[in-house]
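Just follow the structure's listing: the first ligand is 1, and inside any ligand the first atom is 1. Each residue takes its place number in the sequence, starting with 1. Excluded from the calculations below are hydrogen atoms, water molecules and symmetry mates; all remaining heavy atoms, backbone and side chain alike, are included.
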Amino acid sequence: MSQQSSPTVFSAGLDIMEMYKPKPDRVKEFWTTLQDVWLALYGSSFPTVAAINGHSPAGGCLLSLCCEYRIMCPNYSIGLNETKLGIVAPKWFMSSMLGAIPYREAELALTSGRMFSTDEALKIGLIDEVASDKADAIAKSEKFLSQFAKIHPIARKLTKLNLRHSALEWMQENKELDLNIFISFVGQPIVQKSLEKYLEGLKAKQAK
Ligand SMILES: CC/C=C\CCC/C=C/C(=O)SCCNC(=O)CCNC(=O)[C@H](O)C(C)(C)COP(=O)(O)OP(=O)(O)OC[C@H]1O[C@@H](n2cnc3c(N)ncnc32)[C@H](O)[C@@H]1OP(=O)(O)O
């Protein structure tokens, strides 16, 4: 079960400061850590559920998409908003989203970098249930997980991992390629300019 202790943020996604003017000695560790987290969580043999008790943009949304079930508290936002930062969600972010919502919804959401409210996310299937608060989200998560007590654990595990096999296999075989794509993409001046503008926007919002 994945949940957070911040009162309003489930996860703000990747640290933009690691992508803005990236430090060559850190960028490899930064990206391979994310790849490894995705491999471990998306490829977990255990049943997993995200209790999303706060905003969940980009990498935060990805974390929840790694889980089989998502329960979200009201009045927060969730989505893969990368295009709003002038960056591109990698193919494994996209395939994680496609495991939850139909292609058409994913294409519209990804190309526009749309963030969904809790109710909107429920409507398109990006989340599975709405909880009234964190305690309710945890109770609902436990109820979801408890149903697997009646399912043969090996049959459940193999079914899950077979469904996720091609995405997991792609990552295992292409970690280096994916890292090189990331490094060359974030290094481009036009991408750096977009990240700079996005960070300025965040600061301006905070100053209000
Ligand atoms: C080829 C592949 C190439 C690239 C692929 C890369 C994939 C990237 C994935 C990502 O995850 S990118 C990150 C996307 N995240 C966001 O867009 C989140 C932006 N933040 C927000 O929307 C809000 O901050 C919030 C999370 C909703 C929280 O709002 P709140 O009002 O509570 O806080 P505030 O906005 O005032 O922020 C406080 C403080 O935190 C800084 N901040 C917020 N998010 C990030 C972040 N992701 N990275 C770094 N810093 C972040 C914000 O600037 C403020 O900083 P300050 O106190 O120093 O001014």
Fill in the blank from the handout: Contact region, L199 to ligand 1, non-hydrogen atoms below 4.0 Å, reads neither
Practice task
Please check if the side chain of S56 supplies one atom and the backbone of I78 the other of a donor-acceptor pair under 3.5 Å.
Solution key: no
Fill in the blank from the handout: Here the atoms of ligand 1 under 4.0 Å from any heavy atom belonging to G13 are 11 (O)
Exercise for the section: Around atom 32 (O) of ligand 1, find the nearest protein heavy atom and jot down its residue, atom name and distance. Expected result: T8 OG1, 4.1 Å
Fill in the blank from the handout: Closest to atom 55 (O) of ligand 1 by heavy-atom distance, out of M17, H55, E18, K203, is K203
Practice task
Among all protein heavy atoms, pick the one closest to atom 6 (C) of ligand 1 and tell me residue, atom and distance.
Solution key: I87 CD1, 3.7 Å
Handout entry: Nearest heavy-atom neighbours spanning E82 and V88
Key = CB-C, 4.2 Å
Handout entry: Any donor-acceptor N/O pair, K160 side chain to S44 backbone, under 3.5 Å
Key = yes
Practice task
Under 4.0 Å from a heavy atom of D15: give me the atoms of ligand 1 that qualify, with their elements.
Solution key: 48 (N), 49 (C)
Exercise for the section: Using the six-membered ring wherever Trp is involved, compare the ring planes of W92 and W31 and label them parallel, tilted or perpendicular (cut-offs 30° and 60°). Expected result: perpendicular
Handout entry: Shortest protein heavy-atom distance from atom 17 (O) of ligand 1, along with the residue and atom involved
Key = Y198 OH, 2.6 Å
Practice task
Give the numbers and elements of all ligand 1 atoms closer than 4.0 Å to a heavy atom of G59.
Solution key: 10 (C), 11 (O)
Exercise for the section: Run the contact test for M19 against ligand 1 with a 4.0 Å cut-off on heavy atoms, strictly below, and give the result. Expected result: yes
Exercise for the section: Of the side chain and backbone of L14, name the one, both, or neither that has a heavy atom under 4.0 Å from an atom of ligand 1. Expected result: both
Exercise for the section: Examine the side chains of Q192 and Y20 and answer whether a donor and an acceptor come within less than 3.5 Å of each other. Expected result: no
Handout entry: Nearest non-hydrogen protein atom, atom 21 (C) of ligand 1
Key = L202 CD2, 3.8 Å
Exercise for the section: Using distance alone, with no hydrogens and no angle criterion, decide if W170 and S95 have a side-chain donor and acceptor under 3.5 Å apart. Expected result: no
Exercise for the section: Please identify which atoms of ligand 1 are closer than 4.0 Å to at least one heavy atom of I16. Expected result: 13 (C), 46 (C), 47 (N), 48 (N), 49 (C)
Problem - Those atoms of ligand 1 less than 4.0 Å from some heavy atom in F182 - result: 3 (C), 4 (C)
Completion exercise
When distances are taken from atom 36 (O) of ligand 1, the protein heavy atom at minimum range is Q206 CG, 3.2 Å
Practice task
Indicate the ring-plane relationship of W38 and Y42, choosing parallel, tilted or perpendicular according to the 30° and 60° boundaries.
Solution key: parallel
Practice task
Please indicate whether any nitrogen or oxygen in N81 is less than 3.5 Å from any nitrogen or oxygen in ligand 1.
Solution key: yes
Fill in the blank from the handout: So the atoms of ligand 1 within less than 4.0 Å of a heavy atom of V88 turn out to be 2 (C), 3 (C), 4 (C), 5 (C)
Fill in the blank from the handout: atom 3 (C) of ligand 1: of F93, F10, W31, F185, the nearest heavy atom sits on F185
Completion exercise
Honestly, for L85 the part within reach of ligand 1 (heavy atoms, under 4.0 Å) is side chain
Completion exercise
Among non-hydrogen protein atoms, atom 31 (O) of ligand 1 lies closest to K205 NZ, 3.4 Å
Exercise for the section: If the plane angle is over 60° it's perpendicular, under 30° parallel, otherwise tilted; pick one for F30 and F182. Expected result: tilted
Exercise for the section: Would you kindly specify which portion of A12 sits under 4.0 Å from ligand 1, judged on non-hydrogen atoms: side chain, backbone, both or neither? Expected result: both
Completion exercise
the protein heavy atom lying closest to atom 10 (C) of ligand 1 turns out to be A58 CB, 3.3 Å
Exercise for the section: Kindly indicate whether atom 25 (C) of ligand 1 is approached by any protein heavy atom to under 4.0 angstrom. Expected result: no
Problem - Ligand-side contact atoms (ligand 1) for residue partner V9, heavy atom cut-off under 4.0 Å - result: 28 (C)
